[in-house]
Peer 1: 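Input: one structure, supplied below.
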Amino acid sequence: MNRFEEAKNIYQKYNVDVEKALNILKEIPISMHCWQGDDVVGFDGCEELSGGIQTTGNYPGRARNPKELMGDIDFAFKLIPGKKKLNLHACYAIFENETADRNELKPEHFKKWVEYAKMKGMGIDFNPTFFSHKMVKDNLTLSSPDDDVRNFWIEHGKRCVKIAEYFANETGIPCVMNIWIPDGYKDIPADRLGPRERFKDSLDEILKTPYDKEKVYICLESKVFGIGMESYTVGSAEFCLNYVTSRGIVPLMDNGHYHPTEVVSDKISAMLPFHDKIALHVTRGVRWDSDHVVLFDDETREIAKEIVRNDALNRVFIATDYFDASINRISAWVTGMRNVQKALLYALLEPHEKMKELQDSSDFTSLMIFEEELKTAPFGDVWNEYLCRENVEENYIEPIKEYEIKTFSRK
């Protein structure tokens with residue numbers, strides 16, 4: 001009997017069907033963010049990051065153009081098991097015969113991404129890019145008191161809705177379109193309400209754009225603070241939650257966008273009773289929204305448990321969001337994506353009904369012992385079997401190092 005068969009027998013003692021867990025896992029789509037590969041630079045002329053976003057490190061091999069970025073994504077996908085989507089920002093438009101500012105973007109500027117997605121048989125998710133642009137005035141976009149600035153970004157949002165619908169129509173897979181703005185103030189503002197009223201009105205204008213709600217899921221993402229916006233952010237958690245609830249769109253929670261003692265894993269069960277769909281950006285904040293590579297850590301596992309325990313795999317859109325320029329960028333993609341899948345498998349291998357029964361009967365002693373026993377169950381053997389079935393190498397450092405040699409010449 002091999003190790004996997006032994007692991008199956010051990011989990012069977014807990015009434016866990018390992019084969020069922022593996023079959024479910026391989027069908028869970030995870031949306032991988034493109035911006036890890038080029039340090040969030042994009043292709044529309046961004047000279048430096050702004051909007052509270054910083055990428056630190058100078059590891060060689062950053063993708064400098066669409067061909068290099070797609071090649072790197074290709075290589076990463078070969079080392080990542082399971083079902084995938086690609087998550088794009090608007091600044092990754094690919095121009096051929098013409099350039100366009102963000103308020104002039106059209107579906108054809110993303111044609112090459114659609115061709116790429118079709119070739120891979122996957123869907124595309126999308127994000128308007130409300131940062132790193134000359135029209136971000138005094139750290140404000142959709143909440144700006146300047147009509148020209150605000151109208152520029154409203155038009156950008158409208159254009160992105162149509163581009164998201166284009167993605168859905170072309171790939172045949174719904175597109176999750178996420179709105180996040182960096183707007184805020186470094187010091188204590190004299191007026192907190194005014195910017196939020198303007199933000200609300202701007203969002204309402206964007207949502208007037210007609211779109212197929214079965215194909216496009218528009219999300220709104222909050223943030224607690226950012227570099228240069230330490231004292232006040234317009235799109236706070238309370239604002240965004242109230243807005244999505246009142247407008248019937250999807251809440252998106254990034255687990256780096258809250259106070260350090262808050263955890264998204266606890267928020268999932270608070271959102272599900274009130275929203276048909278919710279969306280997540282899975283990241284790892286270290287003291288603040290630092291977008292570190294996702295690890296197989298406590299919070300990642302708890303997020304996965306809450307999705308699986310509550311039978312919400314078809315209700316939660318899962319995407320990764322981080323960028324680390326201090327290590328090999330492909331390894332960052334692969335490590336983070338694998339760890340999200342590891343966490344989902346770990347959750348799928350729990351006997352949730354039994355654990356709920358112990359909780360509801362107030363047998364907390366047995367529940368604690370039961371949970372501790374599960375921690376030493378042979379999860380790793382099941383994970384390795386999953387990689388084998390997906391034809392993905394367990395050890396990915398060597399192929400990445402070999403690929404790295406080819407990209408060292410990049411600046």
Side-chain angles (χ1 to χ4, degrees), residues 24-38 40 42 69-70 72-92 110 113-114 116-129 160-161 163-180 215-221 249-257 264 268 277-284 291 293-294 300 303-304 307-308 312-323 329-330 332-345 390:
I24 292 172
L25 180 62
K26 70 180 183 180
E27 296 300 325
I28 302 172
I30 300 174
S31 191
M32 191 182 88
H33 58 305
C34 73
W35 47 94
Q36 165 61 44
D38 76 329
V40 209
L69 184 59
M70 289 181 186
D72 289 351
I73 292 171
D74 269 347
F75 190 75
F77 278 170
K78 291 176 183 177
L79 300 172
I80 299 168
K83 200 170 185 178
K84 297 170 278 287
K85 293 180 78 178
L86 181 63
N87 202 2
L88 291 178
H89 247 286
C91 61
Y92 288 85
F110 296 86
W113 285 114
V114 167
Y116 178 78
K118 286 181 175 180
M119 181 178 64
K120 297 292 179 182
M122 65 181 179
I124 301 176
D125 292 329
F126 197 47
N127 308 261
T129 306
C160 287
V161 172
I163 294 167
E165 191 170 48
Y166 163 70
F167 289 152
N169 286 333
E170 289 292 318
T171 65
I173 300 171
C175 176
V176 178
M177 193 199 94
N178 178 50
I179 296 173
W180 171 79
K215 295 180 178 179
V216 177
Y217 292 92
I218 296 181
C219 306
L220 183 61
E221 178 182 7
I249 59 173
V250 179
L252 188 144
M253 297 183 290
D254 180 308
N255 56 298
H257 285 197
V264 163
I268 292 171
K277 305 282 188 182
I278 65 173
L280 302 177
H281 274 186
V282 184
T283 185
R284 179 168 58 101
D291 288 302
V293 177
V294 176
T300 306
I303 286 172
I307 298 171
V308 172
L313 286 168
N314 292 324
R315 297 176 59 192
V316 180
F317 299 114
I318 306 172
T320 51
D321 181 9
Y322 52 82
F323 34 95
R329 293 168 182 82
I330 291 172
W333 264 326
V334 178
T335 299
M337 288 283 285
R338 283 196 183 199
N339 282 330
V340 173
Q341 291 183 316
K342 279 183 185 177
L344 289 166
L345 178 59
E390 290 288 305

Peer 1: Check T171 against G123 and note the closest heavy-atom contact, atom names and distance.
Peer 2: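 Closest approach of T171 to G123, heavy atoms only: OG1-CA, 4.0 Å.
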Peer 1: With no hydrogens and no angle check, is any side-chain donor or acceptor of R284 less than 3.5 Å from a backbone partner on T300?
Peer 2: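 Between the backbone of T300 and the side chain of R284 there is no qualifying donor-acceptor contact (under 3.5 Å).
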Peer 1: Quick one, M337 and K84 - any side-chain contact, counting heavy atoms below 4.5 Å?
Peer 2: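 Counting from C-beta outward, M337 and K84 do come under 4.5 Å.
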Peer 1: Applying side chain to side chain contact (heavy atoms under 4.5 Å, CB included), can you list everything that pairs with A304, at least two apart in sequence or on another chain?
Peer 2: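 Counting only residues at least two positions away or on another chain, A304 forms a side chain to side chain contact (heavy atoms under 4.5 Å, CB included) with A343, L344, A347.
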Peer 1: Kindly compute the distance separating CD1 (I318) from CD1 (I307), expressed to the nearest 0.5 Å.
Peer 2: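 If I round to the nearest 0.5 Å, the distance is 4.0 Å.
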Peer 1: Would N178 and H281 satisfy side chain to side chain contact (heavy atoms under 4.5 Å, CB included), going step by step from the backbone distance to the final call?
Peer 2: CA-CA 10 Å; N178 178 50; H281 274 186; 3.7 Å; yes
Peer 1: For P251, which residues count as a side chain to side chain contact (heavy atoms under 4.5 Å, CB included) partner, sequence neighbours excluded?
Peer 2: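 Residues passing side chain to side chain contact (heavy atoms under 4.5 Å, CB included) with P251: V244, M271, H275, I278.
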Peer 1: Could you pull out the closest heavy-atom pair between A76 and V334, with the gap in Å?
Peer 2: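 Looks like O-CG2, 3.9 Å.
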Peer 1: Taking ring-ring contact (aromatic ring centres under 6.0 Å, His included) as the definition, give me every residue that meets it alongside F75, ordered by chain and number, with sequence neighbours left out.
Peer 2: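 Expected list: Y403.
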Peer 1: With a 4.5 Å cut-off on side-chain heavy atoms, are V216 and F167 touching?
Peer 2: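 Answer no - side chains too far apart.
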Peer 1: Between atom CG of L313 and atom CD1 of I28, what is the distance when rounded to the nearest 0.5 Å?
Peer 2: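 Nearest 0.5 Å value for the CG-CD1 distance: 4.5 Å.
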Peer 1: In Å, rounded to the nearest 0.5 Å, how long is the span from CG of D74 to CG of L69?
Peer 2: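 Taking CG in D74 and CG in L69, the distance rounds to 10.0 Å.
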Peer 1: Please round to the nearest 0.5 Å and tell me the distance separating atom CG of D38 and atom SG of C91.
Peer 2: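 So the CG of D38 and the SG of C91 are separated by 7.5 Å.
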Peer 1: Under a 4.5 Å cut-off applied to non-hydrogen side-chain atoms, are E165 and C175 in contact?
Peer 2: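 E165 does not reach C175 side chain to side chain.
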Peer 1: Kindly give the heavy-atom pair with the smallest separation between P81 and R338, and that separation in Å.
Peer 2: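 Closest pair (atom of P81, atom of R338, distance): CD-CG, 4.1 Å.
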Peer 1: Could you tell me whether the side chain of R329 reaches within less than 4.5 Å of the side chain of D72, counting heavy atoms only?
Peer 2: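 Side chain of D72 against side chain of R329, heavy atoms only: no contact under 4.5 Å found.
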Peer 1: Examine distances only and state if a side-chain atom of N339 and a backbone atom of V294 form a donor-acceptor pair shorter than 3.5 Å.
Peer 2: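 Yes; judged by distance alone, with no hydrogens or angles, the pair exists.
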Peer 1: So, do D321 and D291 sit near enough that their side-chain heavy atoms are less than 4.5 Å apart?
Peer 2: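 Yes; the side chains approach each other to less than 4.5 Å.
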Peer 1: Just how far is it from atom CH2 of W180 to atom CG of L252, taken to the nearest 0.5 Å?
Peer 2: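 Separation between the atoms: 12.0 Å.
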Peer 1: Looking at W113 and Y92, would you say the former's side chain and the latter's main chain have a donor-acceptor pair under 3.5 Å?
Peer 2: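 Indeed, once roles are kept as given, a pair shorter than 3.5 Å links the two residues.
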Peer 1: Is the shortest heavy-atom distance from the side chain of K120 to the side chain of I73 under 4.5 Å?
Peer 2: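 No, every pair of side-chain atoms sits at 4.5 Å or beyond.
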Peer 1: Do you know which two heavy atoms are closest between M32 and F77, and how far apart they sit?
Peer 2: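 M32 and F77 have their closest heavy atoms at CE-CE2, 3.6 Å.
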Peer 1: Please report the interatomic distance CD1(I173) to CG(L86), rounded to the nearest 0.5 Å.
Peer 2: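 It comes to 11.5 Å.
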Peer 1: Could you check whether any side-chain N or O of K83 sits under 3.5 Å from a backbone N or O of M122, counting only pairs where one atom can act as donor and the other as acceptor?
Peer 2: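 Answer holds: no.
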Peer 1: Which heavy atom of P128 sits nearest a heavy atom of M177, and at what distance?
Peer 2: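 What the structure gives for the nearest pair is CG-CE, 3.9 Å.
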Peer 1: So, applying ring-ring contact (aromatic ring centres under 6.0 Å, His included) with F110, which one of F126, Y116, Y166 is it?
Peer 2: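 Passing option: F126.
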Peer 1: Nearest heavy-atom pair of C34 and L88: which atoms, and what distance?
Peer 2: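 For C34 and L88, the tightest heavy-atom pair comes out as SG-CD2, 3.9 Å.
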Peer 1: Do E221 and N127 come close enough that some side-chain heavy atom pair is under 4.5 Å?
Peer 2: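 Counting from C-beta outward, E221 and N127 never come under 4.5 Å.
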Peer 1: Under 4.5 Å between any side-chain heavy atoms of I30 and I80, yes or no?
Peer 2: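 A side-chain contact under 4.5 Å is absent here.
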Peer 1: Check step by step if salt bridge (Lys or Arg N to Asp or Glu O under 4.0 Å) holds for K26 and E390.
Peer 2: CA-CA 8 Å; K26 70 180 183 180; E390 290 288 305; 5.9 Å; no
Peer 1: I'd like to know if the side chain of W333 reaches the main chain of H33, judged simply by a donor and an acceptor atom lying under 3.5 Å from each other, with no hydrogens or angles considered.
Peer 2: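 Confirmed, W333 side chain pairs with H33 backbone.
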Peer 1: With sequence neighbours excluded, tell me which residues meet ring-ring contact (aromatic ring centres under 6.0 Å, His included) with Y217.
Peer 2: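 Y217 satisfies ring-ring contact (aromatic ring centres under 6.0 Å, His included) with F317 only.
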Peer 1: Who are the side chain to side chain contact (heavy atoms under 4.5 Å, CB included) partners of K78, not counting sequence neighbours?
Peer 2: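 In terms of side chain to side chain contact (heavy atoms under 4.5 Å, CB included), with neighbours along the sequence ignored, K78 is linked to no residue.
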Peer 1: Apply side chain to side chain contact (heavy atoms under 4.5 Å, CB included) to K215 and list each qualifying residue two or more places apart in sequence or on a separate chain.
Peer 2: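 K215: side chain to side chain contact (heavy atoms under 4.5 Å, CB included) contacts with A168, N169, D212.
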Peer 1: With side chain to side chain contact (heavy atoms under 4.5 Å, CB included) as the criterion, how do V340 and T320 come out once you've worked through the C-alpha distance, each side chain's angles and the decisive distance to 0.1 Å?
Peer 2: CA-CA 8 Å; V340 173; T320 51; 3.9 Å; yes
Peer 1: With distance as the sole test, does T283 use its side chain to make a donor-acceptor pair with the main-chain N or O of Y322 at under 3.5 Å?
Peer 2: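 Not confirmed, T283 side chain does not pair with Y322 backbone.
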Peer 1: Between Q36 and A332, is there a donor-acceptor pair closer than 3.5 Å when you use the side chain of the first and the backbone of the second?
Peer 2: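 A pair under 3.5 Å: no.
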